[in-house]
Amino acid sequence: MGKVNASIPKGTRDFGPQEVYKRQYIIRTLREVFERFGFQPIETPAMEQLSTLTGKYGDEGDKLLFRILNSGDFLRKADAQALAEKDSQALSPSISEKGLRYDLTIPFARYVVMNQHAITLPFRRYQIQPVWRADRPQKGRYREFYQCDVDIVGTGSLLCEAELIQIYQQAFSALQLPVNILINNRKILEGLAEVIGAKDQFNALVVALDKLDKIGWEKVIEEMERNGIDRSKAEQLQQIIENSGNDLSALREALAGSAAGLKGIDEIETIFSYLNDDEKAGASFTLTLARGLDYYTGTIFEVKAKDAQMGSIGGGGRYDDLTGVFGLKEVSGVGVSFGLDRIYDVLEEKGLYPETAAQGTQVLFVNFDSEGEAAAFGYCRELRAAGFRAEVYPESAKMKKQMKYADANQIPFVILIGSEERQQGVVTLKDMATGDQSTLSLSAVIQHLQEHLA
RNA sequence: GUGGCUAUAGCUCAGCAGGUUAGAGCGCUGGAUUGUGGUUCCAGAGGUCGCCGGUUCAAAUCCGGUUAGCCACCCCA
């Protein structure tokens, strides 16, 4: 076999031990919060039927789906005409029936429909798994990344929205990461479109408005015009938004002509009424927040880390009829997602990992010779039984090499058992941070470690 | 899908008005120190300069192509 270049696909990454420890720390923290709120874990397959995935994320989303080539002699069953014309898009359905999941929400909707018999609504689930998007990678954007989703389906209660805000706050508080939580309601945006008479260009309006912070009113209006919204209507929208800002009562007057808009305002007010003062302070109604995904129908959320060069690290919203496309009507759901990889990047950038995030070996036994090795192996067994993470260096290499190994792996304690120690039935314990050494019995070692390791 | 930048040792990079033998720091190996790492000193190994082609007496250096990575746009976690 020829030598192949060692590489991994664009937009994917290997994670070394230190990185995995940190990722596990984030996941552990999130899971604790999720479970505190009564959410239950599920997992779904990496691949789904392509029919489950297509058409759910808009045209853009469909392009970003990773498709899995059928096994076997797939060309024999391929659409002959599409193949002859080299029409990839038309050919695709006949040679690819499966795809990698694009998010966790659609697979969850599919799960709910398929497992109706086994779950009791309302159902609270969390799910921490990778998703894949055939995007062009860049900072904070990967082709394989983890989402950590919490959703409640089977109730339209706005208590759920309030809980999700609490979950965001408690999770990021536990991670010691300051964030802004932005909240809006799709119905309010619909109300705006209705009031200015641009109901038919709702999507264009929302996509353009979402960029307001970034590009300013002039460019937003230009983009709206490009997408068929009259300039006068766009300017009317600007007027409304500048007048009311994020003030709900002012907005209520402006949207007086829209039933949907007023309902949206009612919903936001109800949600805030459930929150205490601290919680209210950490979440802000943001009229220009407009998440693109087509299925949101009510509240929408987005989370951004404060003072960080990173897009959103979380988002979500309510979808009144998510399971409808799979044949289960009138099941409302609301949920939010945490972007693990982006949270990781921000914590890394800000140096916010606690020292306890690492979970490496705590004690290394130096290997002197075959007799010492056997003694070390036995002591190591006892330390492990006592709950410590311990290992014996597997061969009697030079002491310098073994010490370097302990150093490189940030192992805080080293135990030496040479002939002298063996004769006296003791071991030498070295604290790598201070360099201090002491000769102790194993039970004294255990006591010492219990006092000095977290 | 569109645009910009980059590619030299295991890693981070220098070298590039073309010119003999391609360098540094870190890391690695050995030694100073045959029971002591992280500091210090000495020595050593390690490169078809991403790949293909062109210009030239001569290319890591200039030109074209190609591949890969990064960044931005679109969109998003």
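So you know, we letter chains A, B, ... as the sequences are listed, proteins then strands, and number each from 1.
Residue pairs that meet the side-chain hydrogen bond (donor to acceptor under 3.5 Å, both in side chains) test with at least one member in residues 135-144 of chain A, sequence neighbours left out, are A/W132-A/E144, A/D135-A/R141, A/Y142-A/D345. Evaluation of the side-chain hydrogen bond (donor to acceptor under 3.5 Å, both in side chains) test over residues 159-169 of chain A, restricted to residues two or more places apart or in two chains, returns A/R124-A/E163, A/E161-A/T299, A/E161-A/R318, A/Q166-A/E279. Residue pairs satisfying the side-chain hydrogen bond (donor to acceptor under 3.5 Å, both in side chains) criterion with at least one member in residues 394-418 of chain A, sequence neighbours excluded, are listed as follows: A/E391-A/Y405.
Atoms CZ (A/F368) and C1' (B/U34) sit 12 Å apart, rounded to a whole Å. Atom-to-atom, NZ of A/K10 to C1' of B/C71 comes out at 12 Å; the value is rounded to the nearest Å. Here B/C76 presents its C1' atom at 12 Å from NZ of A/K211, a figure rounded to the nearest Å. Per the geometry, CD belonging to A/E421 stands 12 Å off P belonging to B/G35, to the nearest Å. Computed from coordinates, the A/E60 CD to B/U2 P distance equals 13 Å when rounded to whole Å. Computed from coordinates, the A/D14 CG to B/G10 P distance equals 18 Å when rounded to whole Å. A/D59 has its CG atom 12 Å from the C1' atom of B/C75, to the nearest Å. One atom, CZ of A/F365, and another, C1' of B/U36, lie 16 Å apart when rounded to the nearest Å.
Contact annotation for A/Q402: no contact, since no heavy-atom pair falls under 4.0 Å across all strands. At the heavy-atom level, A/S337 lies nowhere under 4.0 Å from the strands shown. As judged by a 4.0 angstrom heavy-atom cut-off over every strand, A/L416 is placed among the base-contacting residues. Using a 4.0 Å heavy-atom cutoff across all strands shown, A/K214 reaches sugar-phosphate atoms only and no base atom. A/F338 comes within contact range of no nucleotide atom at all, as no heavy-atom separation falls under 4.0 Å. Among the heavy atoms of the strands, none lies under 4.0 Å from A/G311.
Look at A/R13 and A/D341 and you find a salt bridge, because one of the NZ, NE, NH1 or NH2 atoms lies within 4.0 Å of a carboxylate O, short of that distance.
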Determine all donor-acceptor pairs shorter than 3.5 Å in which one atom belongs to a side chain in residues 217-224 of chain A; sequence neighbours excluded.
from, atom 1, to, atom 2, distance (Å)
A/E218, OE2, A/R231, NH2, 2.9
A/E223, OE1, A/K211, NZ, 3.1
A/E223, OE2, A/K211, NZ, 3.0

Please tabulate, for the side chains in residues 58-68 of chain A, all donor-acceptor contacts under 3.5 angstrom to protein atoms that are two or more places apart in sequence or on a different chain.
from, atom 1, to, atom 2, distance (Å)
A/D62, OD1, A/G55, N, 3.0
A/D62, OD2, A/G55, N, 3.3
A/R67, NH1, A/S92, OG, 3.2
A/R67, NH2, A/D62, O, 3.1

Please list every donor-acceptor pair under 3.5 Å in which a side-chain atom of residues 413-426 of chain A meets a protein atom from a residue at least two apart or in another chain.
from, atom 1, to, atom 2, distance (Å)
A/E421, OE1, A/G418, N, 3.0
A/E421, OE2, A/T428, OG1, 2.6
A/R422, NH2, A/E371, OE1, 3.4

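Distance check on atom C1': B/G38 versus B/A77 gives 39 Å, rounded to whole Å. Nucleotides B/A43 and B/A59, compared at atom C1', are 34 Å apart to the nearest Å. Comparing B/G1 with B/A60, their C1' atoms are spaced 34 Å from each other, to the whole Å. Nucleotides B/A45 and B/C13 place their P atoms 26 Å apart, quoted to the nearest Å. Taking the P atoms as reference points, B/G50 lies 13 Å from B/A14, given to the whole Å. Using atom C1' as the reference point in both B/G19 and B/A9, the two lie 24 Å apart (nearest Å). B/U61 and B/U48 have their P atoms separated by 16 Å, with the value rounded to a whole Å. Rounded to whole Å, the separation between the C1' atoms of B/C70 and B/A17 comes to 29 Å.
Taken residue by residue, residues 161-174 of chain A places no heavy atom nearer than 4.0 Å to RNA chain B. Of the residues in residues 132-153 of chain A, those lying under 4.0 Å from RNA chain B by heavy-atom distance are A/R133, A/D135, A/R136, A/Q138, A/K139, A/G140, A/R141, A/Y142, A/F145, A/Q147.
A/Y379 is linked by a ring pair (Phe, Tyr, Trp, His ring centres under 6.0 Å) to nothing, counting only residues two or more places apart in sequence or in another chain. Under the salt bridge (Lys or Arg N to Asp or Glu O under 4.0 Å) criterion, A/E97 pairs with no residue, sequence neighbours left out.
In RNA chain B, runs of at least 3 stacked Watson-Crick or G-U pairs (N1-N3 plus N6-O4 or O6-N4, or N1-O2 plus O6-N3, all under 3.5 Å) give these stems: B:1-7 with B:67-73, B:10-13 with B:23-26, B:28-32 with B:40-44, B:50-54 with B:62-66.
The distance from atom CZ of A/R389 to atom OG1 of A/T361, rounded to the nearest 0.5 Å, is 7.5 Å. In this structure, A/I343 CD1 and A/L30 CG are separated by 5.5 Å, a value rounded to the nearest 0.5 Å.
Put simply, the side chain of A/T286 never gets that close to the backbone of A/T288: no donor and acceptor are under 3.5 Å apart.
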Run the side-chain contact (heavy atoms from CB on, under 4.5 Å) test on A/I106 and A/L322 for me, step by step, so that the C-alpha distance in whole Å, both residues' side-chain angles and the decisive distance to 0.1 Å come before the verdict. CA-CA 8 Å; A/I106 293 296; A/L322 187 71; 4.1 Å; yes
Evaluate the criterion side-chain contact (heavy atoms from CB on, under 4.5 Å) for residue pair A/L449 and A/L383; output intermediate values, then yes/no. CA-CA 10 Å; A/L449 291 178; A/L383 280 195; 4.1 Å; yes
How does protein contact run along nucleotides 37-45 of chain B, one letter per nucleotide 5' to 3', with B for base contact, S for sugar-phosphate only, - for none, heavy atoms under 4.0 Å? BB-------
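For the residue pair A/G154 and A/V331, the shortest heavy atom distance occurs at N-CG1, 3.7 Å.
The residue from A/Y344, A/Y146, A/F172 that alone fulfils the ring-ring contact (aromatic ring centres under 6.0 Å, His included) condition with A/F338 is A/F172.
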